[in-house]
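This report concerns only the one structure given below.
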Amino acid sequence: MDHLDDQIDFSTEYAGPPARGEDWPALDFAAGAPTWATLHMWMQMVGKIRLAQTPWFNHAWHVALYLTARGLTTSPIACGGRTFQIDFDFIRHQLQIQPSDGLTRMLALQARTVADFYHELLAKLAELAIGVSINATPCEVPDPVPFDRDQLHSAYDPEQARLLWRAMVQADRVLKMFRARFIGKCSPVHFFWGSFDLAVTRFSGRPASRHPGGVPHLADWIVREAYSHEVSSAGFWPGGDATPFPLFYSYAYPEPGGFSEAELDLPGAGYNAALREFVLPYDVIRQAAAPDALLLAFLERSYGAAETLGRWDRPALERGDLPLREAFAA
C-alpha cells in the first residue's frame, strides 16, 4: 500500500482504455419506448419479489437490480434455507429463475401481455417451491394497471431491449468510476425498477429536511426514508413523456440555493426546471469524441455544484490517492 499517486486518471486506471463512441449504442426513444414500457412492468414484478423476500435496507437499497454481463439480476434472495436469483438475459432473451439447489426455470422474453407474464412467473416460482406474495399494483407510475389485469403493455422488440441494456452497460461502467472517488456514504450503482433508472447517490452525512412525498403510488414514508439525509444523486434514464429522449441526470436534495443557476459549461447540459435536475442527453455523450470524459465531467460538475452550494465537507468525503493496481500485485 506504499505506492500511491494522487495524479492517477481514475477514468482509465481501473477500467482499461476509455470506451469509443461506437461502444455507446444509438437509442431511438420512439422505437424503443413500447418495449421499454413493457420491460418496466416486468422488472417491477421481479423487483417486488426481491422486496417481499429481503430485509429492509436503508433508502430501499434492498429492492434494486444490478447490471450483469448479460442483463440485470436481483442478486441472491433468501428463501428459507435456500437462496434464489432472477436474471434478465438480453442476449438469449430469457428470464431465468435459479435457486441454490440447482433447479432452473425460464420464461421467454417476447411479445406478450404483462398479465400473461405475471401469471407464468408466479407459476414458475411455484414449481420451484418459492412461495412469494407481492402487491400487483405498479409503483411510481400514473394510472397504474395491476399486473394480473394489464393487457395494455405487450410489446417486446428484442433489439430494443438489447440496445437499452447495452447503453446501461456503458452508463454503469462510468457511474462506477464516479462512485470510486467518494469515500463518504454512497449507494451502489443500481437499477431502480420503480423509476426505471440506473442511479448512484452520494450523501453529505447530514440529515435532510422532511421530504414532502407525493410520488405516485409510493408510500410517503418510503420516500421520506429514502431522502432522510442530504444527497447528490445521478444516473441514466431512458426518458419519458416530458423528456422523450434518453438522458443522464443529476440532482440534489434538498436543493441548495443557486443550484439551478449553476453553470456546468458543457455542451448539451442544462438545468431542467420541470424535473428539477441537470440533464445531459444520451446522444450528446454517444456522439462525443471522448464519451467517458464528457460524462464524468457532467457528473463531477453537477455534484460539485451541490457540494459547494450545500457546504459539504469535501475533504472528509473525497480522496485522490486510491492505490495503483500494481500495489496489489503479488
Side-chain angles (χ1 to χ4, degrees), residues 1-16 18 57-61 64 171-190 192 197-211 224-236 248-266 269-271 276-280 285 290-329:
M1 299 292 288
D2 296 329
H3 308 292
L4 304 179
D5 185 348
D6 61 7
Q7 301 303 314
I8 298 169
D9 177 358
F10 296 119
S11 68
T12 61
E13 174 60 26
Y14 296 98
F57 289 6
N58 50 213
H59 316 301
W61 292 354
D172 180 75
R173 182 179 56 77
V174 178
L175 288 169
K176 284 174 178 172
M177 295 179 200
F178 173 67
R179 185 187 188 277
R181 306 176 180 195
F182 195 76
I183 59 171
K185 177 180 172 180
C186 189
S187 77
V189 178
H190 47 195
F192 277 113
D197 65 326
L198 189 70
V200 63
T201 302
R202 293 176 169 187
F203 291 76
S204 74
R206 300 186 302 240
S209 55
R210 180 181 172 89
H211 196 283
R224 288 172 180 147
E225 197 276 336
Y227 290 102
S228 61
H229 289 70
E230 292 178 344
V231 301
S232 173
S233 191
F236 167 75
F248 289 91
Y249 65 83
S250 180
Y251 66 89
Y253 182 82
E255 184 177 297
F259 183 72
S260 63
E261 288 81 41
E263 293 290 340
L264 303 190
D265 195 26
L266 293 170
Y271 186 82
R276 302 198 65 171
E277 301 173 343
F278 282 100
V279 300
L280 179 59
I285 295 291
D292 292 18
L294 177 57
L295 178 51
L296 282 168
F298 172 74
L299 297 170
E300 289 288 0
R301 293 182 189 184
S302 54
Y303 158 72
E307 171 269 323
T308 300
L309 295 167
R311 300 178 183 274
W312 289 28
D313 186 0
R314 192 161 196 164
L317 298 172
E318 300 175 50
R319 62 185 296 183
D321 61 348
L322 293 180
L324 290 164
R325 283 177 295 186
E326 287 77 4
F328 296 97

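In what follows, every heavy atom counts, from backbone to side chain, and hydrogens, waters and symmetry copies are set aside.
- The environment of R210 atom CZ is sparse: at most 12 non-hydrogen atoms of other residues, nucleotides or ligands sit within 6.0 angstrom.
- Closest of all the heavy-atom pairs between E225 and A60 is OE1-N, 3.8 Å.
- Across all non-hydrogen atoms, the minimal contact from G310 to R206 is O-NH2, 2.6 Å.
- Ring geometry for H59 versus H229: interplanar angle over 60°, hence perpendicular rather than tilted (30 to 60°).
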*Step by step, work out the salt bridge (Lys or Arg N to Asp or Glu O under 4.0 Å) result for D292 and R173.*
CA-CA 9 Å; D292 292 18; R173 182 179 56 77; 2.7 Å; yes

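- Interatomic distance, R301 CZ to L296 CG, rounded to the nearest 0.5 Å: 11.0 Å.
- Side chain of T201 to backbone of S187: no donor-acceptor contact under 3.5 angstrom is found.
- In this structure, R311 has no salt bridge (charged side-chain N to carboxylate O under 4.0 Å, His left out) partners at least two apart in sequence or on a different chain.
- Contact check on R202 versus E307 returns no salt bridge, with no Lys/Arg side-chain nitrogen under 4.0 Å from an Asp/Glu carboxylate oxygen.
- Side chains of L266 and L280 form no contact here, defined as non-hydrogen atoms less than 4.5 Å apart.
- Panel note: side chain S302, backbone L299; a donor-acceptor pair is recorded below 3.5 Å.
- Atom-to-atom distance recorded for S250:OG and L264:CG is 8.0 Å, nearest 0.5 angstrom.
- Nearest heavy-atom pair across A208 and Y227 is CB-O, 3.6 Å.
- You'll find the side chain of D197 reaches within 4.5 Å of the side chain of Y249, heavy atoms only.
- Checked against a 6.0 Å centroid threshold, the rings of F192 and H190 count as neighbours.
- Listed by chain and number, the residues in a side chain to side chain contact (heavy atoms under 4.5 Å, CB included) with R179 are C186, V189, V200 (sequence neighbours excluded).
- In this structure, Y251 has its ring center no closer than 6.0 Å to that of F259.
- The cationic atom of R276 (NZ for Lys, CZ for Arg) does not lie both less than 6.0 Å from the six-membered ring centre of Y253 and within 45° of the ring axis.
- Side-chain atoms of E318 never come within 3.5 Å of backbone atoms of F182 as a donor-acceptor pair (strictly under, hydrogens ignored).
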*Could you go through the side chain to side chain contact (heavy atoms under 4.5 Å, CB included) check for Y303 and W312 one step at a time?*
CA-CA 11 Å; Y303 158 72; W312 289 28; 3.7 Å; yes

